Amino acid sequence: MLELKYVRQNIDAVKRVLIDRNDSTDLDKFEKSEAKRREILVEIEALRNSRNVVSDEIAKMKRQGENADTLVSDMRTVSAKIKEIEKTLSENEEIVKNTLISIPNIPHPSVPVGNDESDNSLVRQVGNIPDFNFKPLAHWTLGENLKILDFEKASKITGARFPLYMGAGARIERGLINFMLDLHTGEHGYTEVLPPFIVNRNSMTNTGQLPKFEEDLFKLDGWDYYLIPTAEVPVTNILQKETLDESTLPVKYTACTPCFRSEAGSYGKDTRGLIRQHQFNKVELVKFAHPDKSYDELETLLNNAEEVLKRLELPYRVVLLCTGDLGFSAAKTYDIEVWMPAQGMYREISSCSNFESFQARRGNIRFKSKGKKGTELVHTLNGSGLAVGRTVAAILENYQQEDGSVVIPDGLRPYMGNMERIQL
RNA sequence: GGAGAGAUGGCCGAGUUGGCUGAAGGCGCUCGCCUGCUAAGCGAGUGUAGGGCAAAAACCUUACCGAGAGUUCGAAUCUCUCUCUCUCCGCCA
């Protein structure tokens, strides 16, 4: 959420942002209601003030045994008047609040203006695309042939878009999780956390999934609880309503959780394989940073995520998302895309964002500096480090051999009981 | 699921015959003084959000004692609803 005062004072800039982001939020109605709201506020505060002052007077008179009936009846009128105006006030407040919560974050100046992913800019390309002297198979074919992935059985258990890993498939998923968490905790300085996978409405609102993107979420029937679409939600909310000491910044958490997404509106997209599932595991990196340092922290967060791919020796590229492709809460986002040989294209495997104070304002996450009065909002950041299912898919496709077996990347072998190869 | 207790500032903790309590007292923190150093001591200050006000300071003002609604001239205090926490019993991985 942006600051109300900022939006009011920079209304044209905000309107431009909405255009850049293809967002149709109506700010004209907002402007009118905000003006009305302030007008009424002045009036109502004057009335409340006189009520407070006179009520004190009544108290004094009563204590001295004087008759205060006139004043009491005057105030009865004033209170009725207040109640009446309060209704108009809250109507306008409602409009202001609802609009404010629907306005996306302001993109950082370094973010290219653009319409969609074709306007994203390439930051770097790392690793060599493998050269196959045979036609590489899709990971779902490899996985089914090797009997380590079984989508048919998974659909019996639940339905479409759920994974079932068997044998070495389950093992590689688990090995990757441990590999990633060990890297981030042991070498990158993150603290491992294991949060709830179900969160309440407030937490979802703080990180920006609600109220606008309810249709992307799984909601528990009869509860105001949701399955998390990413660990970002519970982990960022660990510190909601807290005031940190500046010296503790940046706070760095990592967590592996399942992620649940309804994938509404993506019917027919990536129907096969591990790329787009209703449930998948993801190792997430979350930072709470000082505003002056948050863009440096974004770069190191990105590097921390890239390190996973480097150690697995998977080719990838980093792209900077343009305004039109940027997520609702983010001010700047890098996507890491891994090479998928069978599809002959790069696919997103991580998304690293700086949300600046957008989430912190909603969640009320602050810090206090020594010797400075008051508190400031922290900047929140997060990124995948990495999406585990997609990493499995990338390993299967990039490390496949002509005989249909898959070589385990060197860096992962210690986590696989030194297994060198998955074969029938 | 049954029975009970509770929720007050950064923290602890008073305040429930409604009014002078934005909130005693303590701790912590900040600044100053004092002291070879440390510890202690002394003095002052120390919530958040909004509006007046475009902006810095100052000033004025409103709201906030778990959330929401109500009673009242006036609510931390009374009434109702909800949420959460704790204790005991039952059930359970």
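Just the heavy atoms: all of them, side chains too, but no hydrogens, waters or symmetry mates, feed the values below. Throughout, protein chains are lettered first and strands after them, A, B, ... in sequence-line order, and every chain is numbered starting at 1. Just so it is clear, the model here is predicted, and its values are computed rather than measured.
- Going from atom CG of A:Asp245 over to atom P of B:G10 covers 15 Å, rounded to whole Å.
- With sequence neighbours excluded, the residues forming a salt bridge (charged side-chain N to carboxylate O under 4.0 Å, His left out) with A:Arg48 are A:Glu86, listed by chain and number.
- Atom CD in A:Glu39 sits roughly 22 Å away from atom P in B:U61 (whole-Å rounding).
- Counting only heavy atoms from C-beta on, A:Leu41 has its side chain closest to B:G51 among B:G51, B:C73, B:G19.
- Between the CD1 atom of A:Ile58 and the C1' atom of B:G18 there is a distance of 14 Å, rounded to whole Å.
- For the pair A:Glu31 and A:Lys15, the salt-bridge criterion is met [side-chain N within less than 4.0 Å of a carboxylate O].
- A:Ile349 CD1 to A:Thr391 OG1: the interatomic distance, rounded to the nearest 0.5 Å, is 3.5 Å.
- Of the candidates B:G19, B:G50, B:G51, the closest approach to any side-chain atom of A:Ser55 belongs to B:G19.
- Contact annotation: the side chain of A:Glu242 approaches that of A:Leu239 to within less than 4.5 Å [non-hydrogen atoms, C-beta and beyond].
- The interatomic distance linking A:Lys241 (NZ) with B:C64 (P) rounds to 19 Å, in whole Å.
- A:Tyr6 comes within contact range of no nucleotide atom at all, as no heavy-atom separation falls under 4.0 Å.
- Between A:Tyr190 and A:His184, the angle of the ring planes goes over 60°, which puts this pair in the perpendicular group of the 30/60° scheme.
- Across all strands, A:Arg366 comes closer than 4.0 Å only to sugar-phosphate atoms, never to a base (heavy-atom distances).
- At the phosphate of B:U72, neither OP1 nor OP2 sits under 4.0 Å from any side-chain N or O atom of A:Arg76.
- At the heavy-atom level, A:Arg201 lies nowhere under 4.0 Å from the strands shown.
- Toward the 5′ end of RNA chain B lies the nearest nucleotide of A:Thr243, the other residue of the pair A:Ser73 and A:Thr243 mapping further downstream.
- Contacts of A:Lys83 with the nucleic acid, taken as non-hydrogen atoms under 4.0 Å apart, involve only primed sugar atoms and P, OP1 or OP2.
- Among the heavy atoms of the strands lying under 4.0 Å from A:Lys5 are primed sugar atoms or P, OP1, OP2 only; no base atom is included.
- In summary, the side chains of A:Lys252 and A:Thr191 do not present any donor paired with an acceptor at a separation below 3.5 Å, with no hydrogens or angles considered.
- Protein atom CD of A:Glu57 is 15 Å distant from nucleotide atom P of B:G74, rounded to whole Å.
- The side chain of A:Arg8 places no N or O atom within less than 4.0 Å of a non-bridging phosphate oxygen (OP1 or OP2) of B:C53.
- Between A:Phe162 and A:His278, the ring planes are tilted. Angles from 30° to 60° get that label.
- Side-chain N/O atoms of A:Tyr334 and A:Glu299 include a donor and acceptor closer than 3.5 Å.
- Listed by residue number, the members of residues 43-51 of chain A with any heavy atom below 4.0 angstrom from RNA chain B are A:Glu45, A:Arg48, A:Asn49, A:Arg51.
- Regarding A:Glu376, its CD atom lies at a distance of 15 Å from the C1' atom of B:U48, rounded to whole Å.
- Counting heavy atoms from C-beta on, the side chains of A:Glu356 and A:Ile106 never come closer than 4.5 Å.
- Under 4.0 angstrom from either OP1 or OP2 of B:G74 there lies at least one side-chain N or O belonging to A:Ser79.
- For the pair A:Lys36 and B:G51, the criterion of a side-chain N or O lying under 4.0 Å from OP1 or OP2 is not met.
- Ranked by how close their nearest RNA chain B nucleotide is to the 5' end, A:Arg37 and A:Tyr225 are led by A:Arg37.
- When the nucleotides B:G50, B:G51, B:U62 are ranked by their closest atom to the side chain of A:Asn52, B:U62 comes out on top.
- Ion pair A:Asp23/A:Lys212 flagged as a salt bridge, since at least one NZ, NE, NH1 or NH2 atom sits closer than 4.0 Å to an Asp/Glu carboxylate oxygen.
- Side-chain proximity of A:Gln9 to B:A54, B:C73, B:G52: nearest is B:A54.
- Rounding to whole angstrom units, CG of residue A:Asp69 and P of B:G74 are separated by 15 Å.
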Given the rule that a pair is Watson-Crick or G-U wobble with both distances under 3.5 Å, how would you write RNA chain B in dot-bracket, using | for pairs to a different strand?
-> ((((((((.[[[..)...(.....]]]((((((.......))))))((((((......)))))).[[[[[..)....]]]]])))))))....
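- Here A:Val42 lies in heavy-atom contact (under 4.0 Å) with sugar-phosphate atoms only.
- By the 30° and 60° cut-offs, the orientation of the rings of A:Phe367 relative to A:His290 is tilted.
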